[in-house]
Undergrad: 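Pasting a structure here, questions to come.
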Amino acid sequence: MAEPLIELRAVTKRFPGMKALDGVDFQIFPAEIVCLAGENGSGKSTLIKIVSGVYDFDEGDLLIDGKPVADLGPRDAIAAGIQVIYQDFSLFPSLTVAENLALNRLLSEGKTFVDPKRRRQLGAEALARLDVAIDLDATVGTLSTADRQIVAIARALMSETRLLIMDEPTTALTGREVDRLFSIVREIQAKGIAVLFVSHKMREMLEISERITVFRNGRKVEEGPTGEFNEARITRAMTGHDIGHERHVWTGDDSEEPRLSVRGLSVGDTVRGVDLDLHRGEIVGLSGLLGSGRTELAMALFGMEPHSGDIRLDGTPLSLESVQDAVAAGIAYVPEDRLSEGLFMRQPIARNVIASAIGRATRGPFLDHERLNALAEQTVSDMRIATPDIEKHAGQLSGGNPQRVVIGRWLLTHPKVLILNGPTVGVDVGSKAEIHRRIRELAASTGLAVLMISDDVPELIQNCNRILLMHRGEIVDRLDTRSVEEDDIHGRLKGLR
Amino acid sequence: MTSVSKLLRRSETAVLAILIVVMIVIGVINPAFWQADNLFNLLRANVVIGIMALSVLTVMISGGIDVSFPAFAVAAMYLTVIAMNAMGYQGVVLPFIGATVIGLLCGLANAFFIHTFRMIPLIVTLGSASVVRGLLLGLVGTSIINIDRMPPSLIAFGSSTVEIGGSKLSLMIFIYLGIALLMWLFLTRTMAGRAIFAYGDDAESAKRVGFNTRRTVYLVYGLAGALAGFAGLLHASMIWLANPRDFVGYELDVIAAVVLGGASIFGGRGSVFGTILGVFMLTLIKNSLIIMRIDNTWQGVVVGCVIVIATALTAWRDRKALV
């Protein structure tokens, strides 16, 4: 075999209190498509940052074209032909496609003046190289996510690229867009460029890559040709154990009055006449492609989207015109993007925890701080939030802890209905199992009805007794988890286009 | 076809359309509006506000806001006139260079605080405006320099006109348009100008792409200060008066004009042409209010409403575009 383009030999990277990478050997050859798999915190992001020159490492060697490189900086990495496309694409939304594409080149040429014709020509060339048609004069902010990603790829390929690294490239794409991305990736490969995918979506990894490397806790645990892998093997390698055997068993009675009953719920064009029942103790999964209306449905139930239709809680009709209405009725919502929507990053954990329950600890018109602190301490220990001090800022939490804070906060309000949107996105395995266990316990012991919105099919199967699939604003499938397999759900989701 | 629809979607087109409608309406109410004397007067009123608007435009494209330019303008104006009187200097070019440099230095001080301490531009420029005004009144003086003590060279320069069809058009309008042309070239055709757009759009990405963001911040605020200083002295030359308490309330008018011209309060968007239209619209509104003999205090109400409505519209547009 040819010489590796990039090789890491026994590389170790330490952060205070932990080893992010522990003696890792890794190689990537020219024109190879490799997938880097692993849970959050497994070390794959650290590896990307080392290869792209953002991080230094503490031990080991980094070789490019067989030659050891000491002290690789970001500019050196780019000069060596290594380009990274981050999840946010780093594009300029108010500038045109042509300008976004041409900026790098124009900058590196060190020109003082800009020639609009040349700029447009550079942009056209970049798109032509990928054989895609995107309006060069459109501002990037008006493009779809998929098109923005293609602009980012085209931009990365404008320089002499030899290795393209893509961080979670398929997260926000629909099935067809993923196919288009993959065909572009294969074309890139045909030009002799290596592609390193970072992903935790197993199907996609199996579909696109030639080789898979799995990381866990900073170590490389498995590596081999994709043909030797299947989903179960990747999962086992990523998590270190088989998961998915525990399931949520619901023992309630269908004929009882549902906890939450929704009839004919519509939100503009995005949710169209949805009927839905949640019984006491049920955990119901809700899945569907991005844009299926599932988030809007959740927002409507939490009083954040104007809607029409009949919503009843324990038989009582509700008018959910604001979040206050929903909270007063006993509905809690944990949003998808907890960091920006659910947490007060610069406030102490304690305040974050008690934010929704603050009315429950008062002494006359004043707050009872002792009681509030006691509630916060209780929640932190109940939810096993890993922090030495409840006065630490929420922004300093990592791993699955922010999720726990938000979930814990809502549990303090003793909700009757809990809506979770992507409850464990970006959470490491241990935390994930813990959060799942806690939710199942709550449903079983308190009669809490849970609506769990997720893309993570194993998560849904493990935790839900029923799964609903949404498409174009309607619920198109209602599945009993006892009689459905993972592949079946994947198949149905793929069919929704 | 597509280029026509693109043209229609541009905010400048909307401003221009509204402007034409407003002018027709005013013309119907008051036919004297279309007389050359009135129009030339109107254009003359655009000059100082217009140059200041170009200064604020630059800052707004970079994602910031500047409320210190009136203070810098007044400091540059007053210090230059005082220095000219003290030295008995009669000239035009050198004083304007002086005023521009004074503004530039003040602007660089803004940039220093904004970049070094990552401070919010509004707070920095509020503070620097207050400091500069205070120092000027406290250390330099509070007396108005009237026409009898204004340097004759400046008065002569500021009142130079060209006669077109029996009406006199101030030559200052060409200085304004010249600066506007240079600013347009700078913002659209130089890498430094594009860096300002990129920085205002997404500062982190601008850094990743390889722009020198420190240089960009200094450039933006330095340029803004320099334009303000220049506009300050031009103002004194045109009204034959240097008042150390001048330009009070200009912040609102100028920011209103820039926002009217379609610049985004979130940065990354704005154009010289739009700003020129915005300035014209604002002076037109104020001019009409004066002609209609509406009280000064009510003018403030109108300008306030204009800024809120225009900002709301652009914010709504930008938010829609983001979804």
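Lettering follows sequence order; numbering is per chain, from 1.
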Undergrad: Are B:L185 and A:F113 packed together at the side-chain level, in the sense that at least one heavy-atom pair is separated by less than 4.5 angstrom?
TA: no
Undergrad: Give a yes or no on this: more than 12 heavy atoms of other residues, nucleotides or ligands lie within 6.0 Å of atom OH of B:Y218.
TA: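 Counting neighbours around OH of B:Y218, more than 12 heavy atoms of other residues, nucleotides or ligands fall under 6.0 Å, so yes.
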Undergrad: Step through the shown structure and confirm whether more than 12 heavy atoms of other residues, nucleotides or ligands are within 6.0 Å of CD on A:Q121.
TA: yes
Undergrad: Using non-hydrogen atoms only, which part of A:L91 is less than 4.5 Å away from chain B: side chain, backbone, both, or neither?
TA: backbone
Undergrad: Take A:D115 and B:R189 through the side-chain contact (heavy atoms from CB on, under 4.5 Å) test and state the conclusion after the steps.
TA: CA-CA 7 Å; A:D115 173 4; B:R189 296 294 147 89; over 6 Å; no
Undergrad: Strictly distance-based, threshold 3.5 Å: is any side-chain N or O of B:D201 a donor or acceptor partner for the main-chain N or O of A:S94?
TA: yes
Undergrad: So how far is it from B:F197 CZ to A:L95 CG, rounded to the nearest 0.5 Å?
TA: 8.0 Å
Undergrad: Counting only heavy atoms not in B:L182, do more than 12 sit closer than 6.0 Å to its CG atom?
TA: yes
Undergrad: Where do A:L106 and B:R194 land on the side-chain contact (heavy atoms from CB on, under 4.5 Å) test, with the steps shown first?
TA: CA-CA 11 Å; A:L106 295 172; B:R194 300 318 290 168; over 6 Å; no
Undergrad: Quick one: are A:V114 and B:T188 in side-chain contact, heavy atoms under 4.5 Å?
TA: no
Undergrad: Evaluate the criterion side-chain contact (heavy atoms from CB on, under 4.5 Å) for residue pair B:T190 and A:K111; output intermediate values, then yes/no.
TA: CA-CA 8 Å; B:T190 68; A:K111 289 245 169 72; over 6 Å; no
Undergrad: Please look at A:Y86 and chain B and tell me whether the side chain, the backbone, both or neither of the residue comes under 4.5 angstrom of a heavy atom of that chain.
TA: side chain
Undergrad: Check each atom of B:A206 against the heavy atoms of chain A and say whether the ones under 4.5 Å are side chain, backbone, both or neither.
TA: both
Undergrad: Given that the side chain runs from C-beta out, which part of B:F186 has a heavy atom under 4.5 Å from chain A: side chain, backbone, both or neither?
TA: neither
